[in-house]
A.B. asks: 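Below you will find the structure I want to go over with you.
Below, chain A is the first sequence line, B the second, and so on; all start at residue 1. The shown structure was predicted, so the numbers you read here are calculated from the model rather than taken from an experiment.
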Amino acid sequence: MPILHRNRYLTTIFAGLSDVSISGDIPVEGEINVPVGTPSHDDEYSTLDEPVKDTILRDLKAVGKKFVHVMYPKKSSTLLRDWDLWGPLLLCVTLALMLQGGSVDSKEDGGPQFAEVFVIIWFGSVIITLNSKLLGGTISFFQSLCVLGYCIMPLTVAMVVCRLVLLGGSGMVSFIVRLIVVTASFSWSTFASTAFLADSQPSNRKALVVYPVFLFYFVIGWMILTFSPSA
Amino acid sequence: MASSDGNKNTNTEPWGGFDDNIIQGTGSAVIDMENMDDTSGSSFEDMGEMHQRMKEEEEVAEEAEATEEETGEDGEFLGIKGIKGQLGRQVADEVWQAGKRQASKAFNLYANIDILRPYFDVEPMQVRNRLIESMIPIRMINFPQKIAGELYGPMMLVFTLVAILLHGMKTSGTVIREGTLMGTAIGTCFGYWLGVSSFIYFLAYLCNAQITMLQMLSLLGYGLFGHCVVLFVTYNVHFHSLFYILWLVVGGLSTLRMVAAVISRTVGQTPRLILCGTLAALHMLFLLYLHFAYHKIVEGILDTLEGPNMPPIQRVARDLPVVATAAMNAVNATVKTLVQHISIA
């Protein structure tokens, strides 16, 4: 019942009651209880009661399934439907830790700090999300963060490969190998994320959304490429 | 009709009020406001609803007081219970009001993003055309030139400039002591775009130029396209003479374009001169600063990075400090001779 109608109704009731002289033996009191059906706890399995191992395994499985979706990007809505931010956090922390071991010489900062990588990834994701929303996208804020975070995975793999290659030496050959690996993974990342993100845009504006994503992964890929461990 | 005690005229509004029609429930004069849905967001209707709620609460509180006064102990008992009931209802109402206020605040915050939405309403073709046009100065300055008011292109250009700057800083081994590379790059680029836009807008306001803040942001943002091109080329190909040529040609073209657009919207010789001079100076000097401040190649670092396979890059030592060291040597020599003269004398 609309609020004004109800107010009018109550007003008329109270207006009428002011006439009534209340004598002692007619107590006007009572309770109006609307019995609310308690939700049956047997219907849903309460996830608070299960052992911790089950919870962790279930979450890990979900994260792993999304990794697989990123590695073979086809148009599925799993990443979008059950979004979560565990995968992006894991990837971000791994990448930041691996980029950490630059030269610790006090005179120069060889590599980016942990905080720098973290901030770049999250700040960049937020900017891209806002941009795609402002351009008229239908994807929600956290779904977009989830997609962008998961698509950093090829770049993390490239980082591992680069570190292994750098163990062998840092000459021209290793530079070319690293360049090829990083370029391949960066284009893979961009392609994977546009497969998810571009669907939510009107068709003639896809390029406008793809460019910031390209720039974002380009900056990350370039940070990986120019990483040189302490001598 | 029972005359309720709450019928006193607390009407403070000049346009009459809701008092008369609402409290006499059986009156046939019914305000149309009753029939509105209460999901309205307009302030007039909200004000009306709030006003009515306040009236109703007031009136009900007065009812309770009246009944409490009139009756004896039992009435008082009822009155207390009544007041408790009233208190509960009032508290609930307050909570509802507070919740509603917070929700509308949150909605306004979200709606602020929607304020920016029209400025991002562009097609890729338009962006490409505007990028090309930003390098082509238009000579018509007696009639106001059209300036596009969009923010997508300028923002993407600023981020591209940040990326290019990062690349330049890394390859030249710039050391940032307080802060990080990324922070410096972002701060420089965004600071320039927002700060200089605001400053020129302020000058334009003083010089009575017809340009809005959005147009200024857009103009300056697209003017950074020239900067991006020049820096991208010269951070990879390190010929200094090439940089100077590009600085003059590309930087000059984009500056001329911006200056012509601003001048076409200003009247009078002196204001035009002020705006033109300031904008040109700031824009060209920024490009100079970006090249030299973040591009010092230190030869030692190049050796350790590249190793024996050196790409055919012409390694040029810093040329600014060359001038500086020459000047310092001259000053030192002068001071030395002066001191000698003074000590002899």
A.B. asks: Do the non-hydrogen side-chain atoms of A:Arg205 and B:Asp121 ever get within less than 4.5 Å of each other?
C.D. replies: yes

A.B. asks: Which bit of A:Leu215 is near chain B, if near means a heavy-atom gap under 4.5 Å: side chain, backbone, both or neither?
C.D. replies: side chain

A.B. asks: For A:Asn131 and B:Tyr152, what are the C-alpha separation, side-chain angles and deciding distance, and is it a side chain to side chain contact (heavy atoms under 4.5 Å, CB included)?
C.D. replies: CA-CA 8 Å; A:Asn131 177 57; B:Tyr152 173 81; 3.5 Å; yes

A.B. asks: Can you tell me if CZ on B:Phe190 sees more than 12 non-hydrogen neighbours from other groups inside 6.0 Å?
C.D. replies: yes

A.B. asks: Would A:Leu208 and B:Gln126 count as a side chain to side chain contact (heavy atoms under 4.5 Å, CB included) here? Give the steps.
C.D. replies: CA-CA 11 Å; A:Leu208 295 184; B:Gln126 283 176 321; over 6 Å; no

A.B. asks: Give a yes or no on whether the backbone of A:Leu135 and the side-chain of B:Arg117 come within a donor-acceptor separation of less than 3.5 Å.
C.D. replies: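 Looks like no, no N/O pair under 3.5 Å.
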
A.B. asks: I'd like to know if the side chain of A:Tyr211 and the backbone of B:Met156 have a donor-acceptor N/O pair within less than 3.5 Å.
C.D. replies: no

A.B. asks: Give a yes or no on whether B:Tyr119 atom OH has more than 12 heavy-atom contacts from other residues, nucleotides or ligands under 6.0 Å away.
C.D. replies: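 Not buried by this count: 12 neighbours or fewer within 6.0 Å.
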
A.B. asks: If you count every heavy atom of other residues, nucleotides or ligands that lies below 6.0 Å from A:Phe141 atom CZ, does the total exceed 12?
C.D. replies: yes

A.B. asks: Against chain B, label A:Phe123 side chain, backbone, both or neither, depending on which of its atoms sit under 4.5 Å from a heavy atom there.
C.D. replies: side chain

A.B. asks: Looking at chain A, which one of B:Thr160, B:Val127, B:Val162, B:Ile186 has the largest number of heavy-atom pairs inside 4.5 Å, strictly under?
C.D. replies: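 Between B:Thr160, B:Val127, B:Val162, B:Ile186, the count favours B:Thr160.
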
